[in-house]
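Before any comments, here is the structure.
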2 protein chains.
Amino acid sequence: MERTNGQKQPPLGKIARLYYEHGLTHQEIADLCGLSRIKVTRLLAEARLVGIVEITVHSDDHLFVGLESALGHAYPLRQAWVGPAFEDEGRALHSLGAVAADCVTAFLTEGTTVAVGLSGSVAAIPGHLRKATGLDLSIVPLTGSKGGVSRAASPHELALSFAAAVDGRAYHLPAPLLARNAQAARVWREDPAVQETLERAVSADVLIAGIGGTAADAGLLVQGLSAVELAGIRERGAVGDISGRFFDADGAAVPGEVDERLIGLSLEQLRAVPVRIGVARGADKRRALAVALRHGLINVLVTDVSTAEALLADADAPEGAPS
Amino acid sequence: MERTNGQKQPPLGKIARLYYEHGLTHQEIADLCGLSRIKVTRLLAEARLVGIVEITVHSDDHLFVGLESALGHAYPLRQAWVGPAFEDEGRALHSLGAVAADCVTAFLTEGTTVAVGLSGSVAAIPGHLRKATGLDLSIVPLTGSKGGVSRAASPHELALSFAAAVDGRAYHLPAPLLARNAQAARVWREDPAVQETLERAVSADVLIAGIGGTAADAGLLVQGLSAVELAGIRERGAVGDISGRFFDADGAAVPGEVDERLIGLSLEQLRAVPVRIGVARGADKRRALAVALRHGLINVLVTDVSTAEALLADADAPEGAPS
DNA sequence: CAGATGCGTGAACATCTGATCAAAATTCGA
DNA sequence: TCGAATTTTGATCAGATGTTCACGCATCTG
């Protein structure tokens, strides 16, 4: 009718530029391009999502310097990164991912190998990473993959996302997270491809993993276990897990059936990685985090303000169970 | 001196990051940092201004492809860059600067020398340029500097801004734009420092200048002339100027007292630069632009939609003076 | 020292933006 | 071919943002 050129989808770049560089309002762009305002709003959102629009903050400022250094004194840490706290779980995850992304980025240098664990928090990272071209980075999964519940459930998928985001190379660990039984697990571990990737993970420079609690929904791993299995693990003293390996209040491995079925690095092997970044937040994780920090399972902490404050409180009352 | 709420000025980087990376609202940041919402709004604006926050659009899309290619056919141009049109002069200038910045950037390669002319439009560019590190760029003024009315009035200041923005090296032309008289101008031109910079300008790879009209307020140069001088120039057939050199309807130089007093490249010397970017918009400039384009004084055009359309109309009615 | 001038601040307002929801269009399957 | 499910679209509205204005505090000036 009136529009002679209104047929094709207008290029995102044009819209984005009109908005961000030329300062037109959504409405003005809509009029100019023959679209509805809402459509422009959505196209702009897409442009940001896809990465056509990139917003960078050039600054080394840390967000909560005080808390970060306090944590560094209270626990044996190389670094702590603290982000804002949120009521909403979705926002919290998003934000934590942003902090974690800044954190890993700080550890990337030429040829760095990063091992990634299975964790919802870790899955939130790739979206915030920015290309670090020319660094020749390698990304390795820490464990096998869990049946396809959600995308985040597979460290392999995660490794791919990371690799795509930072322009690195991803390796595959062709095995399930949990084998049917101890016997099957042993078979998997003998697979040469599995062995190769696990070795690569052991010798990684940086490790990034979530910390799981032992509450029923505190972590992706826990969610894959039956109530019975979980109860057994708790009975044996487990307070949390890192990359699928449960540990007790002394930071020691918790043996058992689940542990034998799991395909991935052992706690001792994890310790071999010099930089061990733990990402977690929330009341569920408080106990597990405190232990992981105190016993050096984790080296670098990424968390939010409220968890950080809780951890500082725990540090003052070391052994007494905080309730 | 510290305020009662005990907060020192919080770092811009923190605020910017909370907003752009973590998605807090201004209000939330204000509460978190103990500031008023408005203050946060202002700090964020400052962060963008200073360049702590950088918004990049990764796209090669041109804004008005149709107009740009039409101009390319109607006039002997290498390229045309067209931006949106605005009622408001301030916005128009800002926007034109953004387009011009994209345009010059497209011509920057290793070791490029850019010569910058005296122009309000050109002055709007540096704010939109982004660092192109490692290119070893040189920025040279095309003319001497005008007495300190506004910052934009000095090509030297401009060259410095450009150089700072793209991380290049700026050269100085230590001379006034207009000498007291022809005699004084000759003396200035004999100065070795002046000669050296002028030579550098003549052999520049890219030239970027505004186009001035002959209306009383159409251009920075014109504003510095007396009504009598201006009348004289118009009588001799001048329709506009580029970098201080007036030209007539045939694109030929307009000699005279002003021309002799001016310190800067001649029209012929300007033509020696392979890429000649002209930046201008508005009804005032229409006439001058059409001539400059038709006779190849300018090689690459940066303008806005409405000026572009006017120029296309002029191209159809070549010689008849459009009034 | 009073008055003038400029800068920084926050309140109120106007505008812009993004989320929600319902209608329309499209695709897919029977 | 029709209908159902899914996606796309636009209207409405709540909330976020930015601008304007008036005030207070500081410094400058006579």
Side-chain angles (χ1 to χ4, degrees), chain A residues 1-3 5-55 57 84-95 98 127, chain B residues 1-55 57 84 86-95 98 127 150-151:
Chain A
M1 313 246 262
E2 46 176 353
R3 300 280 158 228
N5 60 347
Q7 275 74 16
K8 63 182 176 186
Q9 178 89 317
L12 286 181
K14 172 174 176 176
I15 310 270
R17 207 161 266 169
L18 286 172
Y19 186 71
Y20 286 104
E21 296 184 352
H22 296 269
L24 306 223
T25 68
H26 294 189
Q27 187 63 63
E28 287 171 323
I29 298 175
D31 296 344
L32 189 62
C33 301
L35 303 165
S36 74
R37 184 185 69 75
I38 319 279
K39 182 74 181 166
V40 173
T41 303
R42 287 181 180 136
L43 289 173
L44 283 171
E46 187 188 344
R48 281 183 304 245
L49 193 71
V50 177
I52 287 183
V53 173
E54 181 181 342
I55 302 185
V57 178
F86 295 90
E87 299 292 328
D88 177 61
E89 282 294 314
R91 293 183 74 189
L93 193 60
H94 174 91
S95 172
Chain B
M1 300 304 163
E2 298 301 322
R3 297 190 52 80
T4 46
N5 60 16
Q7 298 294 337
K8 58 182 176 185
Q9 179 89 318
L12 286 182
K14 171 174 176 176
I15 310 269
R17 207 162 265 169
L18 286 172
Y19 185 72
Y20 286 105
E21 297 184 351
H22 296 268
L24 307 224
T25 67
H26 293 189
Q27 187 64 63
E28 287 171 323
I29 298 174
D31 295 344
L32 189 63
C33 301
L35 303 165
S36 74
R37 184 186 67 77
I38 319 267
K39 182 75 182 167
V40 173
T41 303
R42 287 182 180 135
L43 288 172
L44 283 171
E46 187 187 344
R48 282 183 304 246
L49 192 71
V50 177
I52 287 183
V53 172
E54 181 181 343
I55 302 184
V57 178
F86 295 90
E87 299 291 328
D88 177 60
E89 281 294 313
R91 292 184 74 189
L93 194 60
H94 175 90
S95 173
S150 83
R151 281 186 50 245

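No experiment lies behind these values; they were computed from the predicted model shown. Each chain gets a letter, A, B and so on, in the order its sequence line appears, and its residues count up from 1.
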Separation of C:dT9 C1' from B:E46 CD (nearest whole Å)
15 Å
Report, one pair per line, the protein and nucleotides 11-15 of chain D atoms (nitrogen or oxygen only) whose separation is under 3.5 Å.
none

Protein-nucleotide distance (A:E28, atom CD; C:dT17, atom C1'), rounded to Å
14 Å
Provide, to the nearest angstrom, the distance between the CG atom belonging to B:L44 and the C1' atom belonging to D:dT19.
16 Å
Euclidean distance, atom OH of residue A:Y20 to atom P of C:dC16 [Å, nearest integer]
16 Å
Residue pair B:I29, B:L43: steps toward the side chain to side chain contact (heavy atoms under 4.5 Å, CB included) verdict
CA-CA 11 Å; B:I29 298 174; B:L43 288 172; over 6 Å; no
Whole angstrom value for the distance that separates C1' of D:dT17 from CD1 of B:I15:
16 Å
Looking at B:Y19, does any N or O in its side chain come under 4.0 Å of the phosphate oxygens OP1/OP2 on D:dT17?
yes
Please give, in whole Å, the distance from D:dA16 C1' to B:H22 NE2?
19 Å
Rounded to whole Å, how long is the line connecting atom CG of B:L35 with atom P of C:dG8?
15 Å
Measure CD/B:Q27 against C1'/D:dG18 and give the value in whole Å, please.
14 Å
Using every non-hydrogen atom in the two residues, find where A:L18 and B:P84 come nearest and quote the distance to one decimal.
CD2-CG, 3.8 Å
Heavy atoms only: give me the nearest A:F86-B:H22 pair and the separation to one decimal.
CZ-O, 3.8 Å
Using the side chain to side chain contact (heavy atoms under 4.5 Å, CB included) definition, which of the options B:V50, B:I55, B:L49 pairs with B:V53?
B:I55
Looking only at heavy atoms, what is the nearest atom pair of B:A16 and A:V57, with distance?
CB-CG1, 3.9 Å
Residues A:I15 and A:C33: closest non-hydrogen pair is CD1-SG, 4.3 Å
